[in-house]
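Note on naming: letters A, B, ... go to the chains in the order of the sequence lines (proteins, then strands), and numbering restarts at 1 for each one.
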Protein chains: 2
Amino acid sequence: MSELETYIQSYFGIEQKEMATIAALFKPEDLKKGDYYLKTGKLCNKLSFIKSGLLRIYVKDENKEVTQWISTAGYFVTDLSSLVFQNPARWTIQALSDVELYTISRNDYNRIGKLIPDWHQLEKLFIAKCFTMLEDRIFSHLSMSAEERYAFFFEHNKELFNQVPLQYIASMLGMTPETFSRIRKKTIR
Amino acid sequence: MSELETYIQSYFGIEQKEMATIAALFKPEDLKKGDYYLKTGKLCNKLSFIKSGLLRIYVKDENKEVTQWISTAGYFVTDLSSLVFQNPARWTIQALSDVELYTISRNDYNRIGKLIPDWHQLEKLFIAKCFTMLEDRIFSHLSMSAEERYAFFFEHNKELFNQVPLQYIASMLGMTPETFSRIRKKTIR
DNA sequence: GCGTCGGCTTGACAAATATCAAGAAATCAG
DNA sequence: CTGATTTCTTGATATTTGTCAAGCCGACGC
């Protein structure tokens with residue numbers, strides 16, 4: 001479980017001993033390509049660190065699917081609103097490849113705060129960071145064209161482009177697959 | 001200062017005694033129409049509850065201004081990234097009208113955690129809620145046309161439409177004033 | 001009351017993006 | 001390897017949205 005420990009340690013700057021306490025609450029969980037981690041409307045009662053693989057977070061809107069995000073190894077995945085407030089999950093989360101996770105249940109997750117003094121503070125910082133990233137993303141929709149959003153995303157996520165169906169990236173950038181394809185052609189490859 | 005107490009109490013469910021402790025850290029602050037609460041690049045070392053008035057959160061992008069949000073009475077305003085991580089402020093925040101605030105400094109804000117046991121937990125919940133609202137907003141850009149975003153926003157924020165220059169609402173919905181005006185004409189008024 | 005100014009609207013037109021349909025390319029199962 | 005299926009590309013066209021320019025309207029200072 002060293003990736004998880006390394007990650008949490010580097011991100012949260014937690015002591016070795018406390019780190020072990022937290023890490024012990026995460027259990028390995030494997031998904032096959034196509035398996036669902038979560039479906040819209042269910043309760044999301046877990047949080048997972050992605051050891052390997054890719055997951056797509058999306059929602060069916062009328063008869064279209066809208067991809068909200070693609071989560072990759074080294075990051076966490078959950079439906080925050082459902083995990084924290086026990087609302088019905090907004091997102092469906094599906095494995096785009098075989099996936100290895102370290103998963104913690106909501107119960108165990110909520111216990112961390114009692115085990116580790118500073119936990120809620122760290123948690124707050126983590127969510128604040130996520131909030132800031134969403135602000136940037138909204139800004140990209142207010143100020144950039146499809147082509148600019150493509151260029152920016154490509155610059156920062158080259159690896160993703162040969163690992164997942166491009167239509168999903170198109171959707172999460174807010175454009176159709178056709179527009180995505182045309183922009184892609186214009187860009188040096 | 002009762003609005004503030006009422007708000008915090010209803011939102012965070014804090015005890016009367018603790019409530020008084022927190023509220024005492026907020027100081028009244030008044031802004032005239034046009035005054036700046038914060039400028040891009042500065043440090044934001046405060047958080048404010050809006051007692052009355054309206055503030056526009058925006059950023060100059062090249063030679064255009066992009067309005068990120070308009071904050072109204074009964075809500076908080078700050079630059080979260082700057083407040084929490086002491087990054088240079090991303091946003092400029094300007095009073096759209098005369099404004100009455102209750103403002104807490106970063107120092108005092110950070111002390112709350114030591115005064116009130118559950119504070120970081122509550123804070124986390126609050127930010128998580130904000131995060132969820134941004135997710136919705138991103139979703140609106142992935143799945144809705146300008147006209148749909150207009151209709152949705154109008155439905156939920158009718159009051160705002162006769163209080164602020166419409167060009168700012170247009171910008172925060174991601175369209176030009178002209179498009180906004182044309183959509184507006186089509187809609188029943 | 002009058003001019004000025006900011007903000008809104010309108011029209012003509014251009015550019016960006018979506019839609020629909022077809023076919024090519026890649027991927028997958030057997 | 002081969003056929004089936006999914007994904008990507010391309011073209012033709014429609015729709016949405018943006019740009020530019022002009023005019024209008026209401027608020028405000030004087």
Colleague: Determine the sole option in B:Phe153, B:Phe154, B:Phe152 for which the ring-ring contact (aromatic ring centres under 6.0 Å, His included) test with B:His156 is passed.
Modeller: B:Phe152

Colleague: Of all the choices, C:dA18, D:dC8, D:dT10, which nucleotide is nearest to the side chain of A:Lys185 once you look at every atom?
Modeller: D:dT10

Colleague: Would you please confirm or rule out a distance under 4.0 Å between OP1 or OP2 of C:dA18 and any side-chain N or O of A:Thr176?
Modeller: yes

Colleague: Who passes salt bridge (charged side-chain N to carboxylate O under 4.0 Å, His left out) against B:Glu155, sequence neighbours left out?
Modeller: B:Lys158

Colleague: Check the phosphate of D:dC8 against A:Ser181, side-chain N and O only, distance under 4.0 Å to OP1 or OP2. Yes or no?
Modeller: no

Colleague: Within the structure, does a side-chain N or O atom of A:Arg184 lie under 4.0 Å from either OP1 or OP2 of D:dT9?
Modeller: yes

Colleague: Expressed as a whole number of angstroms, how long is the span from A:Leu166:CG to C:dT27:P?
Modeller: 11 Å

Colleague: Are B:Ser145 and D:dT16 close enough that a side-chain N or O sits under 4.0 Å from OP1 or OP2?
Modeller: no

Colleague: Taking the side chain of A:Lys64 as its heavy atoms from C-beta onward, which of C:dT19, C:dA12, C:dT17 lies nearest to it?
Modeller: C:dT19

Colleague: By nearest atom, which of the nucleotides C:dC20, C:dC8, D:dC20 is closest to the B:Glu178 side chain?
Modeller: D:dC20

Colleague: Tell me whether A:Thr67 contacts the main-chain N or O of A:Tyr58 through its side chain, where contact means a donor paired with an acceptor under 3.5 Å.
Modeller: no

Colleague: Base of D:dC8, side chain of A:Gln167 - is there a donor-acceptor contact under 3.5 Å?
Modeller: no

Colleague: How close or far is atom P of D:dG18 from atom NE2 of A:His141, stated in whole angstroms?
Modeller: 14 Å

Colleague: Side chain of A:Tyr168 only, please: which of D:dT17, D:dT7, D:dC8 is the nearest?
Modeller: D:dT7

Colleague: In whole angstrom, give the distance that lies between atom CZ of B:Phe161 and atom P of C:dG7.
Modeller: 17 Å

Colleague: Rounded to whole Å, please give me the gap between CZ in B:Arg56 and C1' in C:dG6.
Modeller: 13 Å

Colleague: After noting the C-alpha distance and the side-chain angles of A:Thr40 and A:Lys60, does the key distance pass the side chain to side chain contact (heavy atoms under 4.5 Å, CB included) rule?
Modeller: CA-CA 9 Å; A:Thr40 300; A:Lys60 276 217 176 57; over 6 Å; no

Colleague: Do B:Glu123 and B:Tyr109 meet the criterion of a side-chain donor-acceptor pair at a distance under 3.5 Å?
Modeller: yes

Colleague: Please report, rounded to the nearest Å, how far the C1' atom of D:dT6 is from the NZ atom of A:Lys33.
Modeller: 10 Å

Colleague: Without decimals, in angstroms, what is the distance between B:Lys186 NZ and C:dT9 C1'?
Modeller: 15 Å

Colleague: Quick check on DNA chain C: between B:Phe180 and A:Met144, whose nearest nucleotide comes earlier from the 5' end?
Modeller: B:Phe180

Colleague: For B:Asn162 and D:dG26, give me the distance from atom CG to atom P, rounded to whole Å.
Modeller: 16 Å

Colleague: Let me know the distance between CG of B:Leu173 and P of D:dT17, rounded to the nearest Å.
Modeller: 12 Å

Colleague: Picking from D:dA12, C:dA12, C:dC28, which would you name as closest to the side chain of A:Arg182?
Modeller: D:dA12

